[in-house]
Chemist: 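Have a look at the structure that comes next, please.
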Amino acid sequence: MARVFIISNRVAVPNPDRGVHAGGLEVALKATLRRHDCVWLGWSGEVKPEGETQTRTVEAGGVTYIVTDLTEEDYEEYYNGFANRVLWPILHYRLDLAEFTRRDLTGYLRVNEHFAAELDNVLEPDDLVWVHDYHLLPLAKALRQRGRHNRIGFFLHIPMPPPEILTAMPNHERLIPALLHYDLVGFQTDGDSQNFARYLASECGMPAHIPRRIGVDDRTMRVGAFPVGIETREFTRRARRAVRSEFVRSVRASVPGALMLGVDRLDYTKGITLRLDAFERFLMANPKWHGKVSFAQITPKSRSAIHEYAQMEREIDTAAGRINGTYGDVSWTPLRYVNRPYTRTALAGLYRLARVGIVTPLRDGMNLVAKEYVAAQDSTDPGVLILSRFVGAAAEFEDALIVNPYDPEAVGAAICRALEMPLEERVERHRKLYEALCDNDIRHWGDRFLTELTGYDMTGSLRPNSPREASGGISVPARIRRRSAGFSMTASHHHS
Ligand code: ADQ
């Protein structure tokens, strides 16, 4: 049976010494790792001086992990540089925060070449390759240039902005058409797929209305939405158990009145500053709630080495101090702002305890916190989810209180509405949200993607599903094939 190669920037090698902290990607891929013969390849997380980097193979739990170190230059140019200072802000619609240098782009392409070379050493012709996220956009192209004809799929975990934004990225014409080298490109939502199709129409001369299959040379490329979900019932059970824990009981005892909860990595896309602004406006407009609601914002720090992140940390600290200074009392702290990670179980318990879950990113591919919050509720007395319209989850969660995160007064009003919502309405909204969650359980996500990638039903044995044919597709115009095929990695190794 064909092996499935999973390629991502970071690799979640199980490590008993560090305790289990399952990241979103690992949870999403759990069923795939269990059911298929998988090899997971990516960065080890270690940065070594030039000449001391290594690639290691580790076997654990039936999965082969191949991890490779980065040099300091790689880390700065590829990871901190092009991936997190250019692609991350631009794909989240933040052109104003992008800091492009050719040097970083060169580093980005070099690391993609390095991953392709490592993969090339071990890949068999019938192996499937599934590449994850914005760090590795040109990986299929690098593999094709090595003569590889394997089925290669790509999934973007973060948003795909419209071409009006994407075309402002320097060198977009070298990177985005490189996605045509994949056999399947998956996005979180239909909106993201449509944005990609619009880019192909405006920049690559494709027809405006893209069919699901596009003929590229002798291959067929497909584009589709594969919204990421969670293990819904498992998370519900975990939350039910967790509320009985010592930790959650002590939190409950320490909160006078209702708890509102926000859980996000500290990132400017998550809209935390505006969220605090909304909470402040809510407090200003609703003295009757003083002393009766506490807002816990749990926000582990990330990427502090990047200037914008350090600046945002300071802004949030200032706002938090101001809110507690203005409204707090010796017996009541309106805002509890915490910078540490919690275990999944502790988080599940906190979600269940919270009368309001507030998820207001300015832009987010999916947002699993919104899904975890809904899964964790007691269906007979559920809390209310306040959800930004600009996250992927909003497409499935119409029954949340949908808000515009850029409008703090409206978000403040939604906080009040959520706190005062009658039981009957809470139960009804939660029932519909929970149904939406169960319709899209993460256990089927990997199989859906792999089935679409191969044309075979990957849920059981490898049975033919539909023959793979290029008929009915359209051809990529020759000029794009040339441009795309003529994009040479080595030619781009000039320093700025
Ligand atoms: P992220 O931007 O990391 O993921 P998100 O989807 O919210 O965002 O996932 C965060 C995960 O980290 C959740 O499972 C959450 O429980 C956990 N987490 C957050 N704070 C924590 C804390 N203090 N302690 C412990 N765990 C914590 C990217 C995209 C998203 C997309 C996912 C998956 O940006 O839009 O949903 O990938 O595709």
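All ligand and atom numbering here is 1-based and tracks the order in the structure. Hydrogens, waters and symmetry mates play no part in the numbers below; they use all other heavy atoms, side chains included.
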Chemist: Would you sort out whether Thr299 and Gln297 count as a side-chain hydrogen bond (donor to acceptor under 3.5 Å, both in side chains), showing the intermediate values?
Modeler: CA-CA 6 Å; Thr299 305; Gln297 175 63 49; 2.8 Å; yes
Chemist: Is Gly365 in polar range of ligand 1, meaning some N or O pair under 3.5 Å apart?
Modeler: yes
Chemist: So Trp43 and Tyr79, would you call those rings parallel, tilted or perpendicular, with 30° and 60° as cut-offs?
Modeler: tilted
Chemist: State whether the shortest distance between N or O atoms of Arg265 and N or O atoms of ligand 1 falls below 3.5 angstrom.
Modeler: yes
Chemist: Below 4.5 Å, heavy atoms only, C-beta onward: do Lys270 and Pro405 meet side chain to side chain?
Modeler: no
Chemist: Which of the atoms of ligand 1 are close to Asp364, meaning less than 4.0 Å from one of its heavy atoms?
Modeler: 29 (C), 30 (C), 34 (O), 35 (O)
Chemist: Would you check whether Ile158 has a nitrogen or oxygen atom less than 3.5 angstrom from a nitrogen or oxygen atom of ligand 1?
Modeler: no
Chemist: Do you know which two heavy atoms are closest between Gly392 and Thr189, and how far apart they sit?
Modeler: CA-CG2, 3.7 Å
Chemist: Which option wins on minimum heavy-atom distance to atom 1 (P) of ligand 1: His132, His157, Met366, Lys270?
Modeler: Lys270
Chemist: Where's the contact between Val263 and ligand 1, heavy-atom distance under 4.0 Å: side chain, backbone, both or neither?
Modeler: side chain
Chemist: Can you confirm, on distance only, whether ligand 1 has an N/O atom lying under 3.5 Å from any N/O atom belonging to Gln188?
Modeler: yes
Chemist: Give the atoms of ligand 1, by number and element, whose distance to some non-hydrogen atom of Arg340 is under 4.0 Å.
Modeler: 23 (N)
Chemist: Check each atom of ligand 1 against the heavy atoms of Arg344 and keep those under 4.0 Å away; list them by number with element.
Modeler: 14 (O)
Chemist: Within ligand 1, which atoms have a heavy atom of Ile298 less than 4.0 Å away?
Modeler: 23 (N)
Chemist: Does Leu347 approach ligand 1 within less than 4.0 angstrom via side chain, backbone, both or neither, non-hydrogen atoms only?
Modeler: side chain
Chemist: Quick check on side chain to side chain donor-acceptor pair (under 3.5 Å): which of Lys371, Lys30, Arg443 does Glu231 satisfy it with?
Modeler: Lys30
Chemist: So, is the end of the Arg281 side chain (NZ or CZ) under 6.0 Å from the ring centre of Phe279 and within 45° of the ring's axis?
Modeler: no
Chemist: Salt bridge or not between Arg151 and Glu452? Use side-chain N to carboxylate O under 4.0 Å.
Modeler: no
Chemist: Do any heavy atoms of Tyr351 fall under 4.0 Å from ligand 1?
Modeler: yes
Chemist: For Ile415, which of Val403, Val356, Ile386, Val293 qualifies under side-chain contact (heavy atoms from CB on, under 4.5 Å)?
Modeler: Ile386
Chemist: Please state whether the rings of Trp130 and Trp445 are parallel, tilted or perpendicular, taking 30° and 60° as the class boundaries.
Modeler: tilted
Chemist: Give the atoms of ligand 1, by number and element, whose distance to some non-hydrogen atom of Tyr342 is under 4.0 Å.
Modeler: 22 (C), 23 (N), 24 (N), 25 (C), 26 (N)
Chemist: Using a 4.0 Å cutoff against the non-hydrogen atoms of Pro341, which atoms of ligand 1 qualify?
Modeler: 22 (C), 23 (N), 24 (N)
